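Written below as structure tokens is the structure these notes are about.
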Amino acid sequence: MTWEQTARALQAGEQAAERAPMDSAEFAAFYERSARPLWAYLARTSGNVALAEDLMQEAFVRFLCVTTPLEGEVHARRYLFKIATNLLRDHWRAPAAASIEDLPEAMFAANDEVSAIESQMVLMPAFAQMRPKERQMLWLAHAEGYSHKEIADVMGVRATSVRLMLFRARRKLAELLEKAGGAA
Amino acid sequence: MSLTGCSRKAEVRRLLADGHWPDAAEAELRSHVDGCAECREWARVEALLRGAREAAVRTRNLEPAGLIWWRAQLRRRQAAIERVERPLRWAQAAALLLGVCAVAWVLYGASEAWLMPDASESVRAAVGARAAWLLGAAAALVLSISAAVACQRMFRGPSSRGRG
């Protein structure tokens with residue numbers, strides 16, 4: 001192999017590694033469709049709007065750096081949520097991060113410019129009393145409509161465990177809502 | 001309540017997804033949900049979470065997609081550079097170590113020669129030649145690897161970026 005061939009191979013390898021899973025136009029459309037739901041997931045399960053913003057951007061950057069081929073938008077979106085879930089988990093595991101149980105309930109108040117009154121007054125205080133995994137599972141199942149298998153894939157848990165964990169989380173939330181006296 | 005769930009849950013889910021629950025639901029289904037603790041709990045949780053999602057999605061302003069795109073391109077490029085340079089750095093370190101060993105060997109040989117003033121000229125010449133050969137080989141190795149790194153960086157400069 002001549003030096004020129006080696007150099008061309010190096011360049012070609014670099015360009016192959018540089019190919020994103022989608023081009024910029026495809027990404028812009030995908031981003032438009034999936035960024036808000038992803039932000040909502042991160043913000044409502046972490047209770048931290050600024051953190052959700054940072055993690056959302058980081059999730060998209062990491063998503064664009066993958067070399068695994070993605071089979072369609074559904075798979076891509078699920079993979080994106082998986083990256084975001086892992087980022088959230090890493091954030092909570094980091095020593096500097098406060099324990100999610102220590103955060104004041106007020107952080108879970110929906111502080112968007114316009115927010116559903118029921119969501120703010122009823123759901124978020126109840127959510128604040130639940131574990132992060134429970135919040136994530138409930139959000140993925142009920143807000144995003146993921147199946148048990150998809151939830152297992154996103155959260156990195158066994159599919160057989162999801163049904164029972166979700167059942168318990170839903171019961172717990174329902175009891176908290178009942179206690180708070182929230183209206184359906 | 002069972003883990004498998006009430007059989008009518010799917011109907012309620014469909015109506016919730018379409019935004020038709022409970023107003024556009026049949027009276028019979030509404031009556032069932034009122035009487036079925038499991039469906040009632042499930043419908044309430046799903047309605048609240050969907051509402052929270054809709055509220056968050058509706059009001060969120062996004063950063064431009066282009067910014068994220070270019071951040072990702074920079075990171076991909078950096079990762080590709082790291083992948084190519086890593087073996088070259090290992091080779092440079094190995095060459096440096098070889099050079100250090102050669103210098104140490106030469107110094108050892110020279111000190112031996114100095115301590116053996118009665119050694120013949122041919123022995124001294126052999127030691128000197130061997131030392132020179134080793135030093136030259138080490139220097140050539142370091143120079144060639146450094147040249148390879150420099151050329152790789154030169155080729156990297158004008159190469160095209162990813163799509164978009």
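What's counted below: heavy atoms across the whole structure, side chains too, no hydrogens, waters or symmetry copies. As the structure is a prediction and not an experimental result, all values here were calculated from the model. So that the names make sense, note that chain A is the first sequence line, chain B the second, and so on, each numbered from 1.
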In terms of heavy-atom proximity below 4.5 Å to chain B, should A/L166 be classed as side chain, backbone, both, or neither?
neither

May I ask you to name which of B/L67, B/L74, B/V45 has the most heavy-atom pairs under 4.5 Å with chain A?
B/V45

Count I, L, V, M, F, W, Y as connected when their side-chain heavy atoms are under 4.5 Å apart, and connections chain through other members. Are A/L51 and A/F60 then in the same cluster?
yes

Looking only at heavy atoms and a cut-off of under 4.5 Å, which of A/M56, A/R62, A/Q57 has the most pairs with chain B?
A/Q57

Taking atom NZ of A/K133 as the centre, report whether more than 12 heavy atoms of other residues, nucleotides or ligands fall under 6.0 Å from it.
no

Measure the spacing between CZ of A/R171 and CH2 of B/W42 and express it to the nearest 0.5 Å.
15.5 Å

Once rounded to the nearest 0.5 Å, what's the spacing between atom CG of A/L64 and atom CD of B/Q73?
6.5 Å

From A/C65 SG over to B/Q78 CD, what is the distance, rounded to the nearest 0.5 angstrom?
11.0 Å

What is the minimum heavy-atom distance between B/A56 and A/W39, and which atoms define it?
CB-CZ3, 3.8 Å

Is any side-chain N of the basic residue among A/R170 and B/E38 closer than 4.0 Å to the acidic one's carboxylate O?
no

Is there a path from B/W21 to B/L49 through hydrophobic residues (I, L, V, M, F, W, Y) whose side chains come within less than 4.5 Å of each other?
no

State yes or no: do A/L176 and A/M124 share one hydrophobic cluster built from I, L, V, M, F, W and Y residues joined by side-chain heavy-atom distances below 4.5 Å, directly or via other members?
yes

Between A/M137 and A/L123, is there shared hydrophobic-cluster membership here, with clusters defined by ILVMFWY side-chain heavy atoms closer than 4.5 Å?
yes

Answer whether the closest heavy-atom distance between the side chains of B/I68 and A/F63 falls below 4.5 Å.
no

Which one of B/R75, B/R13, B/R40 has the most heavy-atom pairs closer than 4.5 Å to chain A?
B/R75

Which distance, rounded to the nearest 0.5 Å, do you find between the CH2 of A/W139 and the CZ of B/R50?
11.0 Å

Connected via hydrophobic side-chain network under 4.5 Å: A/V162 and A/F81:
yes

Tell me which of these, A/A141, A/A143, A/P37, A/A35, has more heavy-atom pairs under 4.5 Å with chain B than the rest.
A/A143

So A/E175 and B/E41, do their side chains get closer than 4.5 Å, heavy atoms only?
no

Nearest atoms (heavy-atom pairs only) where A/Y31 meets B/P64:
CE2-C, 4.3 Å

To the nearest 0.5 Å, what is the distance between CG (B/L62) and CD (A/E53)?
8.0 Å

Any non-hydrogen side-chain atom of B/L48 less than 4.5 Å from a side-chain atom of A/L177?
yes

To the nearest 0.5 Å, atom NE2 of A/H142 lies from atom CZ of B/R53 at 14.0 Å

